Number of protein chains: 4
Amino acid sequence: MARHRSPSRTGRPREARVDEAITSATRELLAEAGHHGLTMDAVARRAGIGKAAIYRRYATKQEMVLAAAVEGTVPATPDTGSLLGDLTVLAETVVARLSHPAASNGLLGLLGELGTDAALAGRFAELLIEPERAGDELVLRRAVDRGELAAMPDVELFHAVFGGAVLSWIFVSRLDPADLPARLARFTCAALRAER
Amino acid sequence: MARHRSPSRTGRPREARVDEAITSATRELLAEAGHHGLTMDAVARRAGIGKAAIYRRYATKQEMVLAAAVEGTVPATPDTGSLLGDLTVLAETVVARLSHPAASNGLLGLLGELGTDAALAGRFAELLIEPERAGDELVLRRAVDRGELAAMPDVELFHAVFGGAVLSWIFVSRLDPADLPARLARFTCAALRAER
Amino acid sequence: MARHRSPSRTGRPREARVDEAITSATRELLAEAGHHGLTMDAVARRAGIGKAAIYRRYATKQEMVLAAAVEGTVPATPDTGSLLGDLTVLAETVVARLSHPAASNGLLGLLGELGTDAALAGRFAELLIEPERAGDELVLRRAVDRGELAAMPDVELFHAVFGGAVLSWIFVSRLDPADLPARLARFTCAALRAER
Amino acid sequence: MARHRSPSRTGRPREARVDEAITSATRELLAEAGHHGLTMDAVARRAGIGKAAIYRRYATKQEMVLAAAVEGTVPATPDTGSLLGDLTVLAETVVARLSHPAASNGLLGLLGELGTDAALAGRFAELLIEPERAGDELVLRRAVDRGELAAMPDVELFHAVFGGAVLSWIFVSRLDPADLPARLARFTCAALRAER
DNA sequence: CATTAATCGAGACGGTACGTCTTGTCTTGCA
DNA sequence: TGCAAGACAAGACGTACCGTCTCGATTAATG
């Protein structure tokens with residue numbers, strides 16, 4: 001994560017303990033009290049640090065949330081041997097990620113700011129969208145290589161459909177995501193195969 | 001829209017002019033300055049009313065945004081004669097709706113609060129999700145009746161995929177939605193037809 | 001009391017019940033909650049009337065308080081046969097008046113506004129100061145006629161000393177006024193007699 | 001002046017500049033616009049500070065006014081060599097103090113709240129009444145020592161008479177205080193001498 | 001070892017939004 | 001017209017939050 005100001009070489013070095021405390025406190029507060037309960041003072045108090053220590057690392061609250069709730073949350077999807085299997089695992093991963101209160105509250109809180117903060121939107125794309133898209137591409141490329149798909153599908157559309165469906169299911173419709181992965185994987189798999 | 005306190009029968013009746021002014025000012029400010037620039041004082045000033053007139057109608061800022069940016073924005077989808085046609089029109093409608101700055105800024109701002117405000121989530125479902133789902137069901141029912149689909153598909157999943165894809169495309173990936181309706185309609189249509 | 005707008009001759013006549021209810025409610029609220037708890041809405045609610053009925057009678061809150069807490073509270077001082085006796089009775093009267101919570105809270109609340117509201121100051125003088133001064137003059141004149149005083153003293157100074165002492169004793173120093181009348185009467189009587 | 005929350009030992013210390021700015025702005029606004037024009041926002045704006053800086057120091061608006069308009073306004077009375085001289089100077093001092101618009105508007109505004117706010121009344125007594133009473137006692141003691149008075153008079157009554165007379169003259173009767181000091185000193189001196 | 005420079009916790013700072021309250025006016029329907 | 005009820009515009013109240021700054025005390029690396 002790009003820092004507000006990168007640490008200088010001279011003087012007292014930054015304490016890793018503080019980095020960790022900020023991230024933990026942010027996650028805890030997001031999980032407990034949501035976007036509304038996440039104040040910089042509360043983070044500092046919970047982390048047992050001063051506010052300056054936060055702003056030395058992150059220029060804004062959004063950057064801090066980004067680092068705590070979004071950064072590094074996209075794992076690689078393992079090769080299960082079939083497209084349907086891969087998609088099921090992928091869906092399970094996305095569901096698991098968005099089901100965690102800290103991640104979801106952080107993510108949704110950020111979404112509302114993206115529209116009026118281009119810099120934030122860029123960082124957001126870099127940390128979340130790009131890794132996700134790359135993972136999706138890998139999964140689809142494997143299916144093509146296996147011969148399950150005739151041609152490389154529209155990755156961007158696939159990403160929007162797949163991620164968007166989970167987002168909508170959990171946050172907009174607020175339904176139980178228990179059997180969503182299986183259903184979504186089957187639905188999407190059918191669409192991909194049908195594309196000539 | 002359910003009010004903060006429902007107007008009593010006696011005394012001076014509420015002025016429709018004020019309702020209208022609040023809604024207009026909210027939409028304008030959302031469009032111009034986004035979620036961040038939408039302050040209650042600004043709404044009151046722009047609407048030429050007092051803040052009490054707002055709080056007499058809406059218990060919270062979120063309720064006000066809900067009424068101004070979400071309520072009554074879901075139109076019926078006309079029958080184009082084919083599933084693909086219907087889905088294209090439906091996608092165009094959703095895209096048009098989410099492309100309007102007032103609606104999108106309002107909607108995204110609300111999304112972040114839904115996780116920790118059950119009452120708001122209920123109102124949100126009632127005003128947005130339910131009408132959308134009902135419209136989706138109608139479109140799919142027509143396709144079944146036409147014989148385009150063998151059985152009634154999973155409406156909930158369809159709604160999540162369709163709406164979620166647009167949401168993700170526009171707000172998460174932040175891509176140009178120009179040719180999204182056609183691509184999304186074709187993709188979804190294929191999946192629905194493939195379902196046994 | 002001069003009204004905000006004098007009642008017109010035509011139409012429905014004003015109800016005396018309403019006048020009485022306003023005055024009573026004002027006095028009760030002043031006594032119970034002081035100047036701070038006296039709001040126009042509270043008076044209207046307690047009196048079981050509409051706010052318009054109050055503003056039809058009094059142009060401002062201050063006028064209402066003036067009418068309820070100040071007007072007509074200055075009784076004549078009976079002739080006890082001696083200056084000391086008269087002064088004692090006069091002091092007892094003033095103490096009694098200022099000891100009533102409604103009157104005192106009303107009076108003190110008004111005092112704070114007099115400095116920046118000339119119209120109110122005029123009404124205040126007319127309703128309270130003038131009657132008091134006239135009463136004082138009568139008492140002193142009687143003492144001159146009796147031969148207790150050689151010449152007519154400075155009535156204005158006497159009024160300020162006498163009323164001000166009680167005011168200061170009760171509200172500024174916040175002492176028990178039980179034996180104030182006797183002490184004040186003796187002190188003032190001595191001063192008046194000593195004046196050559 | 002006892003603060004809302006006393007400053008802690010750690011952290012950034014409070015700035016004296018801010019204390020001074022609050023007091024000055026309060027005095028200026030009281031003088032210019034009276035009790036009614038003294039709003040917390042106006043004080044903050046005029047002082048060039050945030051409202052939080054005020055509430056960090058004073059729990060309520062009244063406390064702030066107390067500190068700005070009352071605290072430390074009671075000077076010692078110099079020894080003129082005679083009781084009449086001392087009393088004249090004392091009266092002049094009181095008149096001068098109450099003639100200043102900031103002090104008078106602040107003081108009168110507070111008087112109205114004393115009846116229903118015991119804590120405020122206590123602070124008021126501590127900051128204004130006690131110093132005044134102590135000053136009065138000194139003046140009277142000097143007169144006894146000089147032999148002008150046979151015995152120590154009733155200080156409490158004297159204080160009520162002397163201060164109350166000025167209060168009543170200026171604020172209740174609203175008369176010109178130009179020759180009040182001389183008249184009041186002569187009147188009170190006579191009474192004190194006459195006491196056996 | 002002594003100096004230097006950035007770190008740390010704590011909390012004050014200016015600015016600003018929040019949701020509530022109050023004042024004096026206005027607008028209903030009923031009497 | 002008067003009346004009870006209550007909506008209206010304006011704006012102050014006291015609280016909370018953000019991002020910056022200032023204090024005294026630490027803590028490495030450098031001279």
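Predicted, not measured: the structure shown is a model, and the values here were computed from it. Chain A is the first sequence line, chain B the second, and so forth, proteins listed ahead of strands; every chain is numbered from 1.
A distance-only check finds a donor-acceptor pair linking the side chain of A:Arg57 to the backbone of A:Ala53 [under 3.5 Å]. The closest donor-acceptor contact from the side chain of C:Asn105 to the backbone of C:Leu30 lies under 3.5 Å. Here the side chain of C:Lys61 pairs a donor or acceptor atom with the backbone of C:Leu38 at under 3.5 angstrom.
Legend: residues meeting side-chain hydrogen bond (donor to acceptor under 3.5 Å, both in side chains) with A:Ser24, ordered by chain and number and at least two apart, are A:Glu20.
Remark: P of F:dG19 and CD of A:Glu63 are 11 Å apart, rounded to the nearest angstrom. If you take NE2 of A:His36 and P of F:dT15, they are 16 Å apart, rounded to a whole angstrom. What separates CG of A:Asp19 from P of E:dG9 is a distance of 11 Å, to the nearest Å. To the nearest angstrom, P of E:dT16 lies 17 Å from CG of B:Leu38. Here F:dA9 presents its C1' atom at 13 Å from CZ of B:Arg57, a figure rounded to the nearest Å. Look at CD on D:Glu113: it is 12 Å from P on F:dC13, rounded to the nearest Å. We find that CE of B:Met40 is positioned 17 Å from C1' of F:dC17, with the value rounded to whole Å. Following rounding to the nearest Å, C:Met64 (CE) and E:dG24 (C1') show an atom-to-atom distance of 12 Å.
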- [ ] Quick one: do B:Asp19 and B:Arg14 satisfy salt bridge (charged side-chain N to carboxylate O under 4.0 Å, His left out)? Show the steps, please.
- [x] CA-CA 8 Å; B:Asp19 292 72; B:Arg14 292 190 183 156; over 6 Å; no
TODO: Please lay out, stage by stage, how D:Arg123 and D:Leu127 fare under the test side chain to side chain contact (heavy atoms under 4.5 Å, CB included).
DONE: CA-CA 6 Å; D:Arg123 299 276 305 137; D:Leu127 293 177; 3.6 Å; yes
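Listed candidates were F:dG14, F:dA4, E:dC18. Nearest to the side chain of D:Lys61 is F:dG14. Closest contact between the side chain of D:Asp41 and the listed nucleotides F:dG6, F:dA12, F:dC18 involves F:dA12. Of all nucleotides listed (E:dT7, E:dG9, F:dG19), E:dG9 comes nearest to the side chain of A:Arg17. Taking the side chain of B:Arg14 as heavy atoms from C-beta on, and the options F:dC8, E:dC8, E:dG24, the nearest nucleotide is F:dC8.
In terms of position along DNA chain F, the nucleotide closest to B:Ala44 lies nearer the 5' end than the nucleotide closest to the other residue of the pair A:Ala42 and B:Ala44.
The shortest distance between the side-chain N/O atoms of C:Tyr55 and the OP1/OP2 oxygens of E:dT25 is not below 4.0 Å. Taking 4.0 angstrom as the limit, D:Ser8 places none of its side-chain polar atoms (N or O) nearer than this to OP1 or OP2 of E:dA10.
D:Lys51 comes within 4.0 angstrom of a base, heavy atoms only. Here D:Ile54 lies out of heavy-atom contact (under 4.0 Å) with every strand.
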TODO: Summarise how protein sits on nucleotides 22-31 of chain F as a single string, 5' to 3': B when a protein heavy atom is under 4.0 Å from the base, S for sugar-phosphate-only contact, - for no contact.
DONE: BS--BBS---
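Between the CG atom in C:Leu66 and the CG atom in C:Leu128 there is a gap of 8.5 Å [rounded to 0.5 Å].
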